[in-house]
Amino acid sequence: MRAAWAIARNDLVQLLAQPVAAIVTIAVPINFLILFVLFAVGGGVVPVTVQTAGSSPATQAFVQALRDSSTFDVHPVSTAAQGAQAIAAQNSVAAITLPPDLGAPRSTVRVTIDNLNSDFADDIRRGLPLAVTQFYRAALPVQWREVDSYPTTASFLGFIAVSIQTVALLIGGLLQGGLGVAREWESGTIKELLLAPVPGWSVVVGKLLAAFLGALAGALLVLVALLLLGVRPTAWAEYAGVLVLVLLVFASIGVGLGSALRTRQTVFPLAFGAGLPLFFISGPFGAITWGTPAAAWVARIFPVVYANAAFQHAAYGIWTLDTSVGASWGILAAWTFVGLLAGVGLYRRATAAR
Amino acid sequence: MSEAAAIEVRGLVKRFGKFTAVDGLDFRVERGEIFGLLGPNGSGKTTTVNMISGLSAPTAGSVAILGVDPLRQAQAARRLLGVVPQETALYEELTAERNLLFHAELFGIPARERAGRVSAMLELAQLTDRARSRVGTFSGGMKRRLAIARALLHRPSLVYLDEPTLGVDVQARRVIWDYILAMKAEGRTVLLTTNYLEEGERLCDRMAIIDHGRLVALDTPAALKARFGSSILELELQAPPAADLLAAIGALAGVRELGADGERLRVTLAAAGGGDAPAAAVPRVLAEVSRLGGAVRHLNLREPSLDEVFLGLTGRGLRD
Ligand SMILES: Nc1ncnc2c1ncn2[C@@H]1O[C@H](COP(=O)(O)OP(=O)(O)OP(=O)(O)O)[C@@H](O)[C@H]1O
Ligand SMILES: [Mg+2]
């Protein structure tokens, strides 16, 4: 154990001396976070201008209906020219003109759509009728009532952002574990470890510890970013538990990967090439059952999907998997065991006297 | 059996698939000697030494270092052994001091002794003023000195150096030779592999010459030269030699070849057997010259080189 600690410390000193690996590790989740933020902020609503004739209660109610539709980012303008200008300047996707007789039978709301591409145009085509329906809701012959399955609704950004924590552990664990071991082969220093009077398992434990602590630093940074975004985990113990287990799984697999590949050049693409697709099929944006069955089937084999679900559970008290909470924890624990076994096994295989 | 040898190798074989890299090696390295392993590229030096240090398992045969099996008693064997690998194997991103400290930790040197030993080794490597510099900024010679200091830090009884002066300039080479001689003076056994005959000659008490994984010869450098080398004796006479003189010299024991060009003679001398050095034939040649009325104006004797020994034994040079 003394040797394991010395090896871990040696690795961490190297990590600080040459922080490229550390920066890459953190860059990926932070990048994702920024992308997700842009995606959630920019992709959710489309900017439109609304030109009103006066401010009658009907006009105010219609503007409110537009705002409530979750489709429009409303910018009031006073002339039709301003609306057209905003479209021309790519500052708005549609110019909506409300008639003075709004609310009277057969009154007409005019909308000029920037039909440059169907994505934004369809948003308007869907959203405007919804706003009209909302405006006349009280007068409609059919009513509807919403019943919520969960006590609170997470913001879309909040919901998907939690999975960033998983990607930080996935990429961080694989890279730190893999690079830490591959580096020893590249520099020939593996001989220093193999010729030292310490058992092989203590080298693995040391490498694992260093990868764990290195990736943990990155994961905590991501957690801070999540807290700044307003994510407030309700079950901290569960959050910490998943974090530790998932990090152990991927740091161990990383150590195994590094032992098998022996060069950083091959560890990098494999960590990204295997890690990122795995992440995307594992329900970062919603339940995996919403996607294609084949992807869901593959996702179920790996621990990432259970990690995402468990983080979402710890943060929002919701469970998005059809595998029960208990079974999912069992699977995560089993994966931890498999990961450790793979890490130790591959290292021993790579260093056995043959 | 009184005392275990520093290294005892018996019937050592190593096969990689169908290829036999080491083919039945037997040798014994005594305590306190500097033992050289010489051979051309691919002759099996590194493979042999990997089996001695326990990095590789023999296909057949056995290895013991100071009576310890390097595979079954790995921990004990590793404590006895100090290794200077060919590629130095230092942590380039770390400082010289940190490299040594890490080694001290790995070898379980007690915390209170570490700082003292590390600074003593930095002193030895003449790197005290560069202790806090990253190893990546060091020259090849500095790295080699640091690697040697690191190997000595845990006070091994047996030090193994793989090509210790490969790619090092002449001055740095002499410094490293001094280190190796100092190790012997401190009572350590030294095993070194080399491609440089001059190095083997200067340092080694005994040398094993291996080729194709087999032991070709094993002896002191002087005895190897005496047994397998040839000297060239060049004579310039007052007058061109008569035919009877040439015949008489050619018939002498120890004379392998004779060439004449005017008054110049070129006599190739080889060991005549019975442990005689090639040069032992020189007085006999000179005696024949004066007996048959010749007079020597000029004489030059070129001693045999280990290169020739090597070429003679293996039919090829040491380096590709
Ligand atoms: N792991 C291996 N698998 C297959 N063949 C190997 C392996 N290791 C060494 N060899 C072969 O065994 C032979 C001896 O190699 P070795 O490295 O021991 O030679 P060497 O005497 O150290 O040579 P050099 O002077 O080039 O270092 C070579 O032909 C080499 O290709
Ligand atoms: Mg070699």
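What's counted below: heavy atoms across the whole structure, side chains too, no hydrogens, waters or symmetry copies. A quick note: this is a predicted structure, and the numbers were derived from the prediction, not measured. Letters A, B, ... mirror the listed sequences (proteins, then strands); counts begin at 1.
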Handout entry: Toward chain A, the part of B:L55 with a non-hydrogen atom under 4.5 Å
Key = both

Completion exercise
Honestly, the part of A:I7 sitting under 4.5 Å from a heavy atom of chain B is both

Practice task
Pick one of side chain, backbone, both or neither for A:Q18, based on which atoms fall under 4.5 Å of a heavy atom in chain B.
Solution key: side chain

Handout entry: Salt bridge flag under 4.0 Å for residues B:E97 and B:R132
Key = yes

Practice task
Decide whether a cation-pi geometry holds between B:R117 and B:F107; the criteria are a distance under 6.0 Å from NZ or CZ to the six-membered ring centre and an angle within 45° of the ring axis.
Solution key: no

Problem - Structural part of B:H103 lying under 4.5 Å from a heavy atom of chain A - result: both

Problem - Whether A:F279 and A:F32 hold their rings parallel, tilted or perpendicular, with breakpoints at 30° and 60° - result: tilted

Practice task
For B:T59 and B:R15, work out which heavy atoms get closest and say how close.
Solution key: OG1-N, 2.8 Å

Handout entry: Structural part of B:R134 lying under 4.5 Å from a heavy atom of chain A
Key = neither

Problem - chain A contact via B:L90 - which portion, at a heavy-atom distance below 4.5 Å - result: backbone

Problem - Contacting moiety of B:L106, where chain A heavy atoms sit under 4.5 Å - result: both

Handout entry: Parallel, tilted or perpendicular, as decided by the 30° and 60° cut-offs, for the rings of B:F102 and B:Y91
Key = perpendicular

Practice task
Could you tell me whether B:E92 and A:R183 have a side-chain N and a carboxylate O separated by less than 4.0 Å?
Solution key: no

